[in-house]
Amino acid sequence: MLEPRFVRENPDAVRAMLSRRGTKVDLDRFLALDTELREIQRRRDDTRAEQKQLAKQVPSLEGDERSAAMAKSKELGQSIKPMGKRIQELEAEFKTLHLAIPNMLDDEVPPGLAESDNVELRTWGDKPSFDFDIRDHLDLCEGLDLLDMKRAARVAGSRTYFLRGDLVLLELAVLRYALDLIASRGYLPLAPPFIVNRSAMEGTGYLPFGADQAYECARDDGFLIGTSEVPITSLHGGELLSEDDLPRRYAGYSACFRREAGAAGKDTRGLYRVHQFMKVEQVVFCHNDERESRQLHEEILANAEDVLQGLRLPYRVIALCGGDIGRSSAFTYDIETWMPGRDNYGETHSASRYYEYQARRLGIRYRPKGGGKPLICHTLNNTVVASPRILVAILENNQRADGSVQVPEVLVPFMGKEVLARAK
RNA sequence: GGAGGGGUGGCAGAGUGGUCGAAUGCACCGGCUUGCUAAGCCGGCGUACUCUUCACGGGGUACCCCGGGUUCGAAUCCCGGCCCCUCCGCCA
């Protein structure tokens with residue numbers, strides 16, 4: 001969230017941001033609440049100060065003076081109560097609005113509100129050319145009997161799947177390949193809880209918006225994570241970190257769950273958009289320093305690019321426009337990987353920098369080396385690899401005329417074979 | 001699921017109705033000292049909000065897991081919740 005003082009002092013900048021994002025928040029109401037709250041809090045504080053003063057005198061007084069002080073103090077106490085009630089009401093409304101204000105955008109965020117306004121920054125790799133009629137991943141898997149979505153639908157509904165045989169091994173291979181790569185760069189692997197509480201969801205900005213996307217375990221007020229960013233960014237919530245070990249780099253390894261509400265009818269074919277997937281995610285905590293944030297953002301982007309380059313998958317890097325960027329993010333790069341079956345690029349990675357936005361919500365701070373006030377950390381994250389979506393690209397880019405699929409060279413050591421075998 | 005114990009400042013750990021925002025130790029910061037070596041000495045050192053000052057600074061309120069309550073006055077008493085630990089049971 002943004003610092004209330006910042007919003008108070010820069011309402012025009014906040015309004016400009018809202019319009020760049022094409023979103024609305026009742027900022028006037030927010031500012032009015034802010035003013036009213038501070039005003040009533042001050043009155044409450046003053047009254048309370050007076051009351052405390054009296055209460056403090058009580059033990060040293062006697063007789064009438066004593067009972068007078070007690071009575072007066074009680075009276076003041078009574079008058080404070082309604083103020084407290086009012087403050088609570090106002091605060092609740094204030095908090096709701098506060099959480100609703102998205103992060104400020106960096107200057108270089110491309111203008112525009114539609115997906116088509118995103119800007120392609122660069123491409124890498126040559127799209128494969130096939131001298132035969134290509135199959136998409138679903139057809140390939142069908143031919144090799146590596147996937148069962150029909151029965152999955154019966155067992156678990158739409159957008160679910162059973163991977164079979166070598167496809168299971170391929171998933172494990174690509175995850176392990178990615179995890180090894182990121183770990184070798186100083187990222188600490190973490191296997192986090194897949195169910196988190198409300199405050200972790202709020203802190204990372206997945207609530208209240210995005211509530212539609214999360215599976216809720218209502219009985220226990222828990223939520224299935226849509227990404228390990230949620231538990232891992234929350235890892236240091238409420239902590240005062242030592243500056244010595246900033247930046248901290250983590251590699252989350254988890255299953256992810258998404259309801260895909262509102263995506264009905266979209267990407268219904270195959271493994272592209274599913275309710276459950278596996279992901280290795282990079283999460284970074286760093287100093288309260290924009291330059292460092294930007295530098296690390298390039299780092300996590302490069303890590304992901306290296307994963308794809310290792311796999312020899314063509315991709316492009318795009319900058320998300322104001323209307324397409326997440327509410328918590330100040331700037332987001334997406335990486336889209338070439339998927340011949342779609343005859344298009346498909347999003348496989350998303351790298352965001354948040355500056356203070358998440359860490360402020362979560363209360364993640366560090367004390368600067370020479371002493372002084374604690375500062376709020378910055379956070380960033382990016383995908384390393386997500387499966388099965390990455391399998392779509394791997395399968396389709398490495399298919400052969402006979403419907404078989406070559407295992408990418410870097411995965412062979414993890415697979416123990418060079419070609420996917422039929423499952424039966 | 002049953003029984004018990006506990007949640008206090010960066011950490012450890014006192015405090016069970018008033019002068020406690022909170023002892024002490026460690027860590028940290030500033031200074032002094034120093035040939036006697038992970039040293040000693042002196043001083044400082046919570047956070048948030050808010051008011052005030054040109055500034056240095058000063059004032060106020062809140063916070064001892066969270067939320068209610070009792071009281072002139074709550075870290076301390078009462079109620080509810082969350083979390084942690086130990087033992088027993090059950091189970092992967």
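Residue numbers begin at 1 in each chain, while the letters A, B, ... track the order of the sequences.
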With sugar-phosphate meaning primed atoms plus P, OP1 and OP2, does [X] contact a base, only sugar-phosphate, or nothing at under 4.0 Å between heavy atoms?
X: Lys373(A); answer: sugar-phosphate
X: Glu39(A); answer: nothing
X: Ala69(A); answer: nothing

Of all residues at least two apart in sequence or in a different chain, which pass the side chain to side chain donor-acceptor pair (under 3.5 Å) check with [X]?
X: Arg176(A); answer: Asp180(A)
X: Glu36(A); answer: Arg86(A)
X: Thr379(A); answer: Gln358(A)

Whichever of Arg38(A) and Arg44(A) has its nearest RNA chain B nucleotide further upstream toward 5'
Arg38(A)
So which one's nearest nucleotide on RNA chain B is more toward 5', Leu240(A) or Lys81(A)?
Leu240(A)
Please tell me if Arg367(A) has a side-chain N or O lying less than 4.0 Å from either OP1 or OP2 of U47(B).
yes
Identify all pairs in which a protein N or O lies below 3.5 Å from an N or O of nucleotides 19-22 of chain B, and state each distance.
none

Would you mind reading off the distance between [X] atom [atom1] and [N] atom [atom2], rounded to a whole angstrom?
X: Asp245(A); N: A27(B); atom1: CG; atom2: C1'; result: 14 Å
X: Glu202(A); N: C66(B); atom1: CD; atom2: P; result: 17 Å
X: Glu239(A); N: C65(B); atom1: CD; atom2: P; result: 18 Å
X: Arg365(A); N: U47(B); atom1: CZ; atom2: C1'; result: 6 Å
X: Lys95(A); N: C66(B); atom1: NZ; atom2: C1'; result: 12 Å
X: Tyr366(A); N: G10(B); atom1: OH; atom2: C1'; result: 16 Å
X: Gln53(A); N: G18(B); atom1: CD; atom2: P; result: 18 Å
X: Lys369(A); N: C29(B); atom1: NZ; atom2: C1'; result: 13 Å

Paired with [N]: which nucleotide, if any, by Watson-Crick or G-U wobble criteria at under 3.5 Å for both distances?
N: G4(B); result: C85(B)
N: G25(B); result: C11(B)
N: C56(B); result: none
N: G30(B); result: C42(B)
N: G73(B); result: none
N: G35(B); result: none
N: A62(B); result: U47(B)

What's the gap between [N] and [M] when it is taken at their [atom1] atoms, as a whole Å value?
N: C63(B); M: U8(B); atom1: C1'; answer: 12 Å
N: G68(B); M: G5(B); atom1: P; answer: 27 Å
N: U86(B); M: C28(B); atom1: C1'; answer: 35 Å
N: G89(B); M: G2(B); atom1: P; answer: 16 Å
N: C66(B); M: G58(B); atom1: P; answer: 28 Å
N: G4(B); M: A92(B); atom1: P; answer: 28 Å
N: G81(B); M: C87(B); atom1: C1'; answer: 24 Å
N: G10(B); M: G46(B); atom1: C1'; answer: 10 Å

Begin with the C-alpha distance, continue with both residues' side-chain angles, and end with the deciding distance and a verdict on ring-ring contact (aromatic ring centres under 6.0 Å, His included) for Tyr215(A) and Phe223(A).
CA-CA 6 Å; Tyr215(A) 286 98; Phe223(A) 298 83; over 10 Å; no
Taken to the nearest 0.5 Å, the spacing of Gln78(A) CD from Glu75(A) CD works out to 9.0 Å
Please indicate whether Arg38(A) has more than 12 foreign heavy atoms, meaning atoms of other residues, nucleotides or ligands, lying under 6.0 Å from its CZ.
yes
Would you say Glu418(A) has more than 12 foreign heavy atoms packed within less than 6.0 Å of its CD?
no
Is it true that the NZ or CZ of Arg389(A) lies under 6.0 Å from the centre of Tyr272(A)'s six-membered ring and within 45 degrees of the ring axis?
yes
Looking at the side chain of [X], which of [options] is the nearest nucleotide?
X: Pro374(A); options: C49(B), U47(B), U61(B); answer: U47(B)
X: Arg5(A); options: G67(B), C49(B), G60(B); answer: C49(B)
X: Arg8(A); options: U50(B), C72(B), U47(B); answer: U50(B)

Close N or O pairs between protein and nucleotides 73-84 of chain B (under 3.5 Å):
unit_1: G73(B); atom_1: OP1; unit_2: Gln51(A); atom_2: NE2; d: 3.3

Would you call Asp244(A) and Lys369(A) a salt bridge, using N to O less than 4.0 angstrom?
yes
Show the numbers, then the answer: is there a side-chain contact (heavy atoms from CB on, under 4.5 Å) between Leu147(A) and Glu142(A)?
CA-CA 7 Å; Leu147(A) 183 64; Glu142(A) 209 155 282; over 6 Å; no
Any idea how His98(A) and Phe30(A) line up, ring-wise: parallel (<30°), tilted (30 to 60°), or perpendicular (>60°)?
tilted
Salt bridge (Lys or Arg N to Asp or Glu O under 4.0 Å): which pairs involve residues 200-219 of chain A, sequence neighbours left out?
Arg198(A)-Glu216(A)
